[in-house]
Amino acid sequence: MSAESFERAPHAGTSASYAAAGVDIEAGDRAVDLMKQWVKKATRPEVVGGLGGFAGLFDASALKRYERPLLASATDGVGTKVDIARRMGVYDTIGHDLVGMVVDDLVVCGAEPLFMTDYICVGKVYPERVAAIVKGIAEGCVLAGCALVGGETAEHPGLLGADDFDVAGAGTGVVEADRVLGADRIRTGDAVIAMASSGLHSNGYSLVRHVLFDRAGMSLDQRVEELGRTVGEELLEPTKIYSLDCLALTRTTEVHAFSHITGGGLANNLARVIPDHLHATVDRSTWTPGAVFDLVGKAGQVERLELEKTLNMGVGMIAVVPQESVDVALTTLADRGVYAWVSGEIVERGAHTEAVTLTGDHPA
């Protein structure tokens, strides 16, 4: 642009500012003040300092009790489920989903979640809204037994609409080197124990939104008798957080592996912990998926294979344990309020070409 044309620009003579560009620093400061009460609840004795620093501090001397501590790290988001929260105007549950997606990946290897950080990206900072999101994250951390040591709220005007937002998080855990769980521990004859999900969790929402809203023409406030509540209430059901339940299981009995059932469905996620020479068979007849899965399938005429490779179908976590550990495992989970059942077993790979096979049909 020439000097002459610059002088004739529409905003000539008006000084530029961050606020004029759409970023409200004062609103961000107020959001921090509002979220402090919630972050204080999500702590552990090892956390050093408080909110407001450039980095969260965690006292690593607590790891001295380990002979060879391995740090585990995971990061995730909640996908397009944030769109449901935005449309519903409900922001204090989406944080549970974020924590569940992260810490339950950590616990798969047997790691105890220690702390999390979050990242919230918004088109415009509404302090109460941001604080509500952080409230949910903090509450999720309490359920997971980990601390929320810090985070970032970024305002992106012009890139996101004023009501648009996204959330992501990262977590760190620790596990003793000789207690790492995984494929190398699994043996022929092991039992596959399924733990019930609380619903869709935070996966497959692009399919769910397309089916229910675009194809079936449903609305968020539409009550569905089979669900016993509205579509929106069902879709916002928080993700079940299993980390403390899984850790309890490792303390009470022998566990060979866990598998967090997220995007990709039960078969694909369980396959990630099955060794090359073994095979897992999972019997569908051992459980009935929740009504929301049937609703999605029928509303979109979605074939079973497509549903199973997209949604968790009612199973949020798998534990692979020796047969002699089954009774103690089921009792431990039941005592903790987790509905669980034996859904399959581990056999030799033999003629099987896939790591996991789903057999039978769900009860009517």
Side-chain angles (χ1 to χ4, degrees), residues 39-51 53-77 98-119 137-138 140-152 168-187 190 193 195 240-262 269 272-275 316-322 325 328-329 332-333 336 338:
V39 177
K40 287 180 180 178
K41 297 177 184 295
T43 190
R44 290 173 55 118
E46 303 92 341
V47 175
V48 178
L51 191 66
F54 285 88
L57 299 176
F58 191 90
D59 186 357
S61 68
L63 305 184
K64 288 181 179 178
R65 70 179 188 272
Y66 291 84
E67 291 188 11
R68 186 187 169 202
L70 300 183
L71 293 180
S73 178
T75 185
D76 211 337
L98 178 62
V99 175
M101 290 296 100
V102 173
V103 300
D104 287 338
D105 277 354
L106 293 175
V107 82
V108 162
C109 68
E112 174 190 359
L114 298 175
F115 57 84
M116 273 193 66
T117 56
D118 63 67
Y119 177 74
I137 298 172
C141 285
V142 171
L143 292 174
C146 68
L148 180 59
V149 297
E152 172 72 8
T172 298
V174 63
V175 60
E176 192 70 75
D178 63 3
R179 296 182 64 83
V180 173
L181 305 180
D184 60 326
R185 292 180 178 264
I186 296 180
R187 300 288 184 266
D190 281 355
I193 293 179
M195 302 180 213
K240 168 71 176 172
I241 298 175
Y242 300 93
S243 58
L244 292 182
D245 305 313
C246 290
L247 292 173
L249 212 55
T250 64
R251 290 192 297 266
T252 58
T253 192
E254 184 178 356
V255 178
H256 288 165
F258 290 116
S259 178
H260 188 196
I261 312 305
T262 58
N269 282 287
R272 296 165 66 177
V273 298
I274 302 299
M317 182 70 77
I318 290 285
V320 181
V321 306
S325 295
V328 174
T332 298
L333 292 171
R336 297 184 60 84
V338 179

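Quick note: residue numbers are just sequence positions, from 1.
Around CZ of Arg185, the count of heavy atoms belonging to other residues, nucleotides or ligands within 6.0 Å exceeds 12.
Between the CZ atom of Arg251 and the SG atom of Cys246 there is a distance of 11.0 Å, given to the nearest 0.5 Å. Between Asp245 atom CG and Thr332 atom OG1 the span is 10.0 Å, to the nearest 0.5 Å. Taken from OG1 in Thr172 to CD in Glu112, the straight-line distance is 12.5 Å, to the nearest 0.5 Å. Between the CD atom of Glu152 and the CG atom of Asp118 there is a distance of 9.0 Å, given to the nearest 0.5 Å.
For Glu254 and Arg187, the salt-bridge test fails: no basic side-chain N is under 4.0 Å from an acidic carboxylate O.
Listed here is the closest heavy atom pair of Ala170 and Val102: C-CG1, 4.1 Å. Nearest heavy-atom pair, Gly77 versus Met101, reported as atom, atom and distance to 0.1 Å: O-CG, 3.6 Å. In terms of heavy atoms, Thr75 sits closest to Gly169 at OG1-O, 2.8 Å. When every heavy atom of Cys146 is checked against every heavy atom of Pro113, the shortest pair comes out as CB-O, 3.6 Å. Here the closest heavy-atom approach between residue Ala329 and residue Ile193 is recorded as CB-CD1, 3.7 Å. Taking both residues in full, the closest heavy atoms of Ala111 and Ala72 are given as CB-CB, 3.8 Å, listed atom of the first, atom of the second, then distance.
A heavy-atom distance below 4.5 Å is not found between the side chains of Phe115 and Glu46. Counting heavy atoms from C-beta on, the side chains of Val99 and Ile241 come closer than 4.5 Å. Contact annotation: the side chain of Val175 never approaches that of Leu181 to less than 4.5 Å [non-hydrogen atoms, C-beta and beyond].
In this view, Asp190 and His256 satisfy the side chain to side chain donor-acceptor pair (under 3.5 Å) rule, not counting sequence neighbours.
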Exercise. Take Ile137 and Leu148 through the test side-chain contact (heavy atoms from CB on, under 4.5 Å) and record every step on the way to the result.
Key: CA-CA 8 Å; Ile137 298 172; Leu148 180 59; 4.0 Å; yes
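None of Ile318, Val273, Thr250, Val320 except one satisfies the side-chain contact (heavy atoms from CB on, under 4.5 Å) rule with Phe258; the exception is Thr250. If you run side-chain contact (heavy atoms from CB on, under 4.5 Å) between Val107 and each of Asp105, Val103, Asp104, only Asp104 comes through. Of the candidates Met195, Arg336, Met317, Met195 is the only one forming a side-chain contact (heavy atoms from CB on, under 4.5 Å) with Leu249.
When atom types are taken as modelled, the side chain of Asn269 and the backbone of Thr262 share a donor-acceptor pair closer than 3.5 angstrom. Using a distance-only test at 3.5 Å, with no hydrogens or angles considered, a donor-acceptor pair links the side chain of Arg44 to the main chain of Gly145. The backbone N or O of Gly150 lies less than 3.5 Å from no partner atom in the side chain of Thr117, so there is not a single donor-acceptor pair. Panel note: side chain Glu176, backbone Glu67; a donor-acceptor pair is recorded below 3.5 Å.
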